[in-house]
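First up is the structure itself, then whatever we jot down about it.
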Amino acid sequence: MKKTELSEILHKPGKPVNEGVTDTKNEKTYPRIDYFPIAWSNNMASGEDYSGVDMYQISIYSKTAPNRKTGIVSDIKRILNERRIYPEIYHEFNLEDRLWHSYFEIGVNADD
């Protein structure tokens, strides 16, 4: 997947999306999506060349619990599944902020 494709997928539900650090105008907006690179890796391509892969963490912050049928997490999951991408999605509840944090990672072609 190219980084532009990832961005397109994340913007499709029409909610605020931030690459890297959350924009201050969006930091109290929910639901919200933040994504950023968390790891670099190399895969052997054809021949003896390596192809770079950047692993991106996608974080979705919401005031409502994730639901398999409705909401931003299920919207993103559906869009990814339509493209035959099936990430394992984790959820946690931040008691202090009273927010749900759903997150997963996706590999992006570093050479594009």
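Looking at every heavy atom in both residues, S102 comes nearest to I89 through CB-CG2, 4.3 Å. In terms of heavy-atom proximity, G52 sits nearest to N109 at O-OD1, 3.6 Å. Taking both residues in full, the closest heavy atoms of K2 and V108 are given as C-CG1, 3.8 Å, listed atom of the first, atom of the second, then distance. Considering every non-hydrogen atom in both I33 and L10, the closest pair reads CD1-O, 3.5 Å.
The list of salt bridge (charged side-chain N to carboxylate O under 4.0 Å, His left out) pairs with a residue in residues 7-20, not counting sequence neighbours, reads K3-E19, E8-R83. Note on residues 29-38: pairs passing salt bridge (charged side-chain N to carboxylate O under 4.0 Å, His left out), not counting sequence neighbours, are R32-D34. Applying the ring-ring contact (aromatic ring centres under 6.0 Å, His included) test to every pair with at least one member in residues 2-21, sequence neighbours left out, gives no pairs at all.
With sequence neighbours excluded, the residues that form a side chain to side chain contact (heavy atoms under 4.5 Å, CB included) with K63 are Y30, L99. With sequence neighbours left out, Y90 forms a ring-ring contact (aromatic ring centres under 6.0 Å, His included) with Y103. In this view, Y35 and Y56 satisfy the ring-ring contact (aromatic ring centres under 6.0 Å, His included) rule, not counting sequence neighbours. Shown here are the side-chain hydrogen bond (donor to acceptor under 3.5 Å, both in side chains) partners of S59, two or more places apart in sequence or in another chain: Q57, H101. Residues passing the salt bridge (charged side-chain N to carboxylate O under 4.0 Å, His left out) test with E82, sequence neighbours excluded: R78. Not a single side chain to side chain contact (heavy atoms under 4.5 Å, CB included) links S74 to another residue, sequence neighbours left out.
As a member of the Ile/Leu/Val/Met/Phe/Trp/Tyr network built from side-chain separations under 4.5 Å, F93 groups with L95, W100. Cluster partners of Y86: none. The rule joins Ile, Leu, Val, Met, Phe, Trp and Tyr whenever side-chain heavy atoms lie under 4.5 Å apart, and it links nothing here.
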Item to check | Audit row: I38, D54, side chain to side chain contact (heavy atoms under 4.5 Å, CB included) steps and yes/no | outcome: CA-CA 8 Å; I38 59 169; D54 292 345; over 6 Å; no
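No side-chain heavy atom of I79 sits less than 4.5 Å from a side-chain heavy atom of K77. Inter-residue side-chain proximity for S7 and V17 is flagged as unmet; no heavy-atom pair is nearer than 4.5 Å. Taking the side chain as every heavy atom from C-beta outward, N18 and F36 never approach each other to under 4.5 Å. Within the 4.5 Å cutoff, the side chain of I85 has heavy atoms near those of the M1 side chain.
Distance alone, capped at 3.5 Å, is enough to place a donor-acceptor pair between the N94 side chain and the D97 backbone.
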Show me the side-chain donor-acceptor pairs of residues 65-73 shorter than 3.5 Å, one per line, residues at least two apart or across chains.
{"residue": "N67", "atom": "OD1", "partner": "K69", "partner atom": "N", "Å": "2.7"}
{"residue": "N67", "atom": "OD1", "partner": "T70", "partner atom": "N", "Å": "3.3"}

